[in-house]
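What follows is one structure encoded as structure tokens, with my remarks underneath.
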Amino acid sequence: MAEITKYKPGTFSWVELSTTDGEGAKRFYSSLFGWTSTDNPIGGGQFYTMLHKDGKDVGALFERGPQDGPPGAPPFWASYVTVASADESAAKAADLGAKVVKEPFDVMDHGRMAVLLDPVGAAISIWEPRRHIGARLVNEPGSFCWNEVAVKDVEAARAFYTALFGWTAEVQEMGPMHYTTFKNDGLPAAGLFAPTPEMGEMPVFWLVYFAVEDCDASAEKIGSLGGKIVKPPADIPGIGRFAIAADPQGAAFAIIKLTMPAT
């Protein structure tokens with residue numbers, strides 16, 4: 001398990017859970033993925049909890065306060081993309097039709113970030129690293145390995161992200177859907193697809209995938225820990241076996257047992 005030391009701009013590098021029950025979320029994910037955690041006070045009685053796997057940072061969570069989003073908003077996993085300049089990327093995103101929900105700001109000396117709402121309604125965060133590069137472990141069991149978004153207007157999303165991050169887009173048929181794989185300097189970076197009619201109405205958000213050793217066993221464990229399986233385990237030919245779930249507080253995420261090497 002080599003430790004990540006740097007991310008190329010345009011690469012997903014961090015995931016962060018905004019939840020309504022910090023202690024409950026820690027218990028759930030530590031039991032599911034074997035994570036340990038470190039609570040860091042951030043004022044007002046709140047904590048920013050760093051999540052670790054084998055001693056390496058894999059993400060974070062915090063219990064949101066009244067200032068963190070609209071009342072009643074569901075818990076969610078936020079996805080961060082590394083950029084060379086948060087200010088330049090936020091300005092470019094606005095020019096491309098996104099809404100800058102949180103203007104660029106410094107996170108102490110760790111880095112500089114902004115939160116965007118893309119033209120099709122999906123929130124995404126950008127991260128200009130300083131002391132904190134992001135996750136130190138990815139693509140291994142117990143760490144995130146993929147990020148994808150489902151939208152009705154695939155063309156608009158594809159145009160936005162290729163222009164913003166310099167990604168290229170490859171489209172392939174996967175059963176009844178056309179799946180777009182974004183690539184960053186030739187390497188797979190993220191996924192995009194339009195929901196099929198059978199999927200019904202789906203909320204627009206970036207879904208985080210966590211790698212696991214056994215998809216079916218992990219899905220069963222999610223249920224025993226109080227979570228919910230939204231989509232039962234299924235195979236993706238040539239890629240792996242996955243399931244979509246929600247934690248006890250309602251935050252959606254996916255798990256996958258990869259059968260091909262992660263990049």
Side-chain angles (χ1 to χ4, degrees), residues 12-33 35-53 57-82 86 90 93 98-108 110-118 121-129 132 134-135 138 142-150 190 202-210 222 225-228 230 244-255:
F12 279 95
S13 57
W14 192 241
V15 292
E16 172 191 273
L17 175 65
S18 170
T19 185
T20 52
D21 181 359
E23 290 301 317
K26 278 192 287 185
R27 287 192 299 271
F28 174 79
Y29 289 103
S30 63
S31 297
L32 179 60
F33 294 133
W35 289 346
T36 57
S37 60
T38 304
D39 293 334
N40 301 288
I42 54 177
Q46 287 186 288
F47 295 88
Y48 191 78
T49 299
M50 299 293 288
L51 304 167
H52 321 289
K53 178 71 175 180
D57 295 346
V58 293
L61 67 81
F62 66 94
E63 183 174 319
R64 61 176 181 241
Q67 74 279 9
D68 300 315
F76 67 95
W77 279 97
S79 295
Y80 286 70
V81 176
T82 288
K99 178 181 179 180
V100 182
V101 179
K102 288 189 178 180
E103 295 286 345
F105 65 95
D106 290 329
V107 183
M108 296 180 284
H110 301 302
R112 188 166 175 81
M113 66 169 288
V115 180
L116 313 173
L117 192 66
D118 73 18
I124 191 167
S125 298
I126 53 176
W127 181 252
E128 177 188 336
H132 178 69
V138 298
S143 65
F144 81 88
C145 61
W146 192 242
N147 307 74
E148 74 179 13
V149 64
M202 294 179 62
V204 180
F205 68 100
W206 279 94
L207 179 67
V208 181
Y209 280 70
F210 294 99
I222 287 168
L225 292 170
K228 177 182 178 182
V230 178
I244 300 175
D247 68 21
Q249 290 73 45
F253 65 99
I255 55 173

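Values below: every heavy atom of this structure, side chains too, minus hydrogens, waters and symmetry copies. Counting from 1, the numbers follow the sequence of the chain as shown.
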In Å, rounded to the nearest 0.5 Å, how long is the span from CD of Q249 to CG of D21? 4.5 Å
Considering all heavy atoms, the nearest A86-R112 contact: CB-O, 3.7 Å
Of W146, F33, F144, which meets ring pair (Phe, Tyr, Trp, His ring centres under 6.0 Å) against F210? F33
Got a second to check how far M50's CE is from D39's CG, nearest 0.5 Å? 11.5 Å
How far apart are the closest heavy atoms of W127 and V107, and which atoms are they? CZ3-CG2, 3.7 Å
Take I124 and V149, measure what side chain to side chain contact (heavy atoms under 4.5 Å, CB included) needs, and give me the verdict at the end. CA-CA 10 Å; I124 191 167; V149 64; over 6 Å; no
Between atom CD of Q46 and atom OG1 of T49, what is the distance when rounded to the nearest 0.5 Å? 10.5 Å
Within this structure, what is the OG-CD1 distance for the pair S31 and I222, rounded to the nearest 0.5 Å? 12.0 Å
Heavy atoms of S79 and V208 approach each other most closely as OG-CG2, 3.4 Å
Which heavy-atom pair separates A135 from V138 by the least distance, and what is that distance? CB-CG1, 3.9 Å
Verify, without hydrogens or angle tests, whether N147 (side chain) and A190 (backbone) share a donor-acceptor contact under 3.5 angstrom. no
Given the rule in the side chain to side chain contact (heavy atoms under 4.5 Å, CB included) test, do D247 and L17 qualify, once you have shown the distances and angles that lead to the verdict? CA-CA 11 Å; D247 68 21; L17 175 65; 4.1 Å; yes
Would you compute the distance between atom CG of D106 and atom CE of M113 and round it to the nearest 0.5 angstrom? 11.5 Å
Residue from Y29, W77, F76, Y209 passing ring pair (Phe, Tyr, Trp, His ring centres under 6.0 Å) with F253: Y29
What's the shortest heavy-atom distance between A90 and P104, and which atoms? CB-CG, 3.8 Å
Can you name the nearest heavy-atom pair linking P248 to L225, along with the distance? CG-O, 3.8 Å
Could you tell me if the side chain of W14 sits less than 4.5 Å from the side chain of D57, heavy atoms only? yes
Stepwise side chain to side chain contact (heavy atoms under 4.5 Å, CB included) test for F62 and E16: CA-CA 8 Å; F62 66 94; E16 172 191 273; 3.6 Å; yes
Let me confirm one number: the NZ-OG distance from K26 to S37, rounded to the nearest 0.5 Å. 4.5 Å
